[in-house]
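Report on the following structure.
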Amino acid sequence: MSGRGTTRPGVRAALPGGAYEVRAAVDRSPGGSVCVHFAGEDGRHRIFDFANCELPGWHEDLALAVAARIGPGGGLRTTTSALAMWNPLKRFLRTLAGVDDVPQRPDQMRVEHAEFFTDSVAATMQEVYAWRVIEHVADVLRLMPPTGRVPGEVMDVLRVRTPAQPRHMPGYSEGELRRLVAAARTDVAALRERIARGRRLTADPDGGLDAERLRALAGGGQLEPLREMRAAARMIFPMSADLAAMLVLMAAVSGRNIETIKELPAEHQVIESKAVQVALTKRRRGAGHWHETVLWEIGPPGQELRHPGGLYLLLHDLIAPSRALAADPQWFWSFFRGQNSGEQHGSPFRRAMTADTRMTAWVARHGLTDDTGAPLAVSFNRIRTSVEARRTRQLGGHLPSAARSNTVPVLFRNYLRDDPATAEWAHEVMADALADAEQAALLAHRRLAERAGGPDVVGDDAPAPPVTTEGPWSGCRDAEHHPVTGRACRASFLDCFHCGNCVITPAHLPRLLALLDAMDQRRQQMDDQTWWQRYGPAFAAIRHDVLARFTPEQVREARPEAEHNAALDLVEDPWQLL
């Protein structure tokens, strides 16, 4: 077949030559047991064998249901999600095998059997995880063929109510994140220097026996004894102990989920020595939206450990000798396994994402602790949250700019909402913004007061100046002659607090406090900018130039009388102009 194979009216789609045989999903293993073949969308393959499962009378029907659950039309299309179903299913069979009156076939299962299973799961796991186990089992049982189906009343027991999902874990504190990333960066820098020394020795024609041994290993050879081979391999290959630091640093610098980091491709393209173009796999977007092409900045020379593109190229180069000897060189990750037989090189995540990265040993080796002094628990989800929160703070809290690999709602809901460091920072920003806004309103009030004289506040028992007009919150000396214009006053009653004709006495205190309460209610009903423009100068004048002239005892005594009134509604435009 040549060309693109484009179809058009009268031309059929091109088909591959030769016979094509579809492999059955349910098969028999060499030992005769029922097994299900799985080919995931993540490129991984697995066989789920019922050989070690209890209740053989269930196997045929369950195998058909499992094949439908993990098949092309099922909802589980990765190795990790398929294993998340398989392990609860084995536990389900194991639990049923231990009950009285064991159901040897699906149609023999009774309500008390289902209740025994759900109770045993609930007794050994947290509620949210117990629900997931039961849900996985129920999803498989619903797909069983009609001839071997579990009774409906049993399925009703397994239809548990979904509990509230656990809140997302908060990120690390700045100190914890700094210590964690510093340890990872130190180890990767040491790995770079170690392999650089090994490469120099390998390329040295006068390097003697050591150079020959390294060249033999680089070509895929082996050395005896195994201990010496491992020591020599450390000079030219990454080892399993190096993986933890590389993963932590790549996750922290790139800000990506650990699944994406583990499935980094070796294939890439360098764009004008400025950026690296990489096609990432992002599982959490759902089927059909797994792939995303990103451009990672390389950064200046010497700063590779601080830029995602530079770090990707550095690690790609350090891993290259091991990758070249691996069975699947398309995987980004590869290290020397340290064994004389089998595959000496390969990705630890080729078969499953849950491969041991020896994170606990790495933390202990560096003595990493959290802010309480306890050993630091490394969570890549927390690293991701910390990176997202840090970038959001650096961008001033502007979520559209901070949302790089997620939408704004996902960024806020999954990473920022439950992070205490972000909440504390947001409170500080809001407090600073409110202080700045109030200061600006106070300056506006005082500029107006400089022109009109400002209010006359009588806070003690001294006689009050005579007033000709009583307003909703103050008195007025001469409403017919404004201090600035000399004409009858037509300003808002809220402007009285900037006027020299304004007189305020202790009798006005309850109404002033009620006015402040009404202003606070208005703040909940309109945007901040409009509120500060309309009420800010009067609010600042009352708080700073009026209430400050009264004693705390006077304010406390007036508070019970500060009942809500509609005066603020009546002085709003257009009412006050009528």
Side-chain angles (χ1 to χ4, degrees), residues 34-36 38 40 42 44 46-71 74-144 148-169 258-259 283-284 286-287 351-356 379 381:
V34 181
C35 60
V36 181
F38 172 70
D42 55 358
R44 296 179 176 87
R46 200 174 189 92
I47 297 177
F48 294 101
D49 195 339
F50 282 83
N52 296 321
C53 296
E54 288 78 358
L55 303 183
W58 287 68
H59 293 180
E60 294 282 353
D61 294 322
L62 276 181
L64 294 174
V66 169
R69 188 78 178 104
I70 64 177
L76 307 180
R77 298 300 304 135
T78 66
T79 304
T80 301
S81 60
L83 284 173
M85 171 276 303
W86 177 246
N87 292 326
L89 192 62
K90 290 195 299 182
R91 175 173 181 167
F92 171 72
L93 295 176
R94 187 167 58 251
T95 302
L96 291 186
V99 302
D100 297 334
D101 189 19
V102 178
Q104 300 295 337
R105 298 190 310 275
D107 57 359
Q108 296 177 353
M109 189 173 178
R110 299 292 179 262
V111 169
E112 53 269 23
H113 299 149
E115 292 176 344
F116 182 81
F117 170 68
T118 57
D119 291 343
S120 67
V121 173
T124 57
M125 307 180 72
Q126 296 182 16
E127 182 183 11
V128 63
Y129 301 115
W131 161 74
R132 289 175 182 171
V133 168
I134 298 171
E135 184 186 46
H136 277 304
V137 172
D139 287 340
V140 173
L141 296 184
R142 292 189 190 100
L143 298 175
M144 296 182 71
R149 185 163 294 174
V150 173
E153 61 271 18
V154 175
M155 293 301 303
D156 291 338
V157 177
L158 300 178
R159 292 189 181 98
V160 295
R161 182 181 296 275
T162 304
Q165 295 295 314
R167 297 171 69 91
H168 292 272
M169 294 183 64
I258 187 57
E259 297 94 338
R283 293 163 169 259
R284 300 183 186 181
R351 285 185 52 82
M353 301 282 283
T354 55
D356 183 18
S379 166
N381 286 337

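FYI, side chains are in, hydrogens and waters are out, and symmetry mates aren't considered; it's all heavy atoms of this structure.
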How far does OG1 of Thr80 sit from CE of Met85, to the nearest 0.5 angstrom?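 Going from OG1 on Thr80 over to CE on Met85, the span is 12.5 Å.
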Considering only distance and modelled atom types, tabulate donor-acceptor pairs under 3.5 Å from the side chains of residues 104-117, sequence neighbours left out.
from: Gln108; atom 1: OE1; to: Gln104; atom 2: N; distance (Å): 2.9
from: Arg110; atom 1: NH1; to: Asp107; atom 2: O; distance (Å): 3.2
from: Arg110; atom 1: NH1; to: Gln108; atom 2: O; distance (Å): 3.2
from: His113; atom 1: ND1; to: Arg110; atom 2: N; distance (Å): 3.0
from: His113; atom 1: NE2; to: Asp101; atom 2: O; distance (Å): 3.2

Mind listing the closest non-hydrogen atom pair of [X] and [Y] along with its distance?
| X | Y | value |
| --- | --- | --- |
| Phe50 | Val36 | CE1-CG2, 4.2 Å |
| Cys35 | Asp49 | CB-CA, 3.9 Å |
| Ala63 | Val34 | CB-CG1, 3.3 Å |

Are side-chain heavy atoms of [X] and [Y] found at a separation under 4.5 Å?
| X | Y | result |
| --- | --- | --- |
| His59 | Glu54 | no |
| Leu141 | Leu62 | yes |
| Phe38 | Thr79 | yes |
| Glu135 | Asp139 | yes |

Compile the donor-acceptor pairs under 3.5 Å between side chains in residues 86-100 and protein atoms, sequence neighbours left out, one pair per line.
from: Asn87; atom 1: ND2; to: Leu83; atom 2: O; distance (Å): 3.3
from: Arg91; atom 1: NH2; to: Ser120; atom 2: O; distance (Å): 3.3
from: Arg91; atom 1: NH2; to: Thr124; atom 2: OG1; distance (Å): 2.7
from: Thr95; atom 1: OG1; to: Arg91; atom 2: O; distance (Å): 2.8

Mark yes or no for whether Arg149, through its side chain, and Met144, through its backbone, hold a donor-acceptor pair below 3.5 Å.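 Between the backbone of Met144 and the side chain of Arg149 there is a qualifying donor-acceptor contact (under 3.5 Å).
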Decide if atom CD of Gln126 counts as having more than 12 heavy atoms of other residues, nucleotides or ligands within a radius under 6.0 Å.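 Not buried by this count: 12 neighbours or fewer within 6.0 Å.
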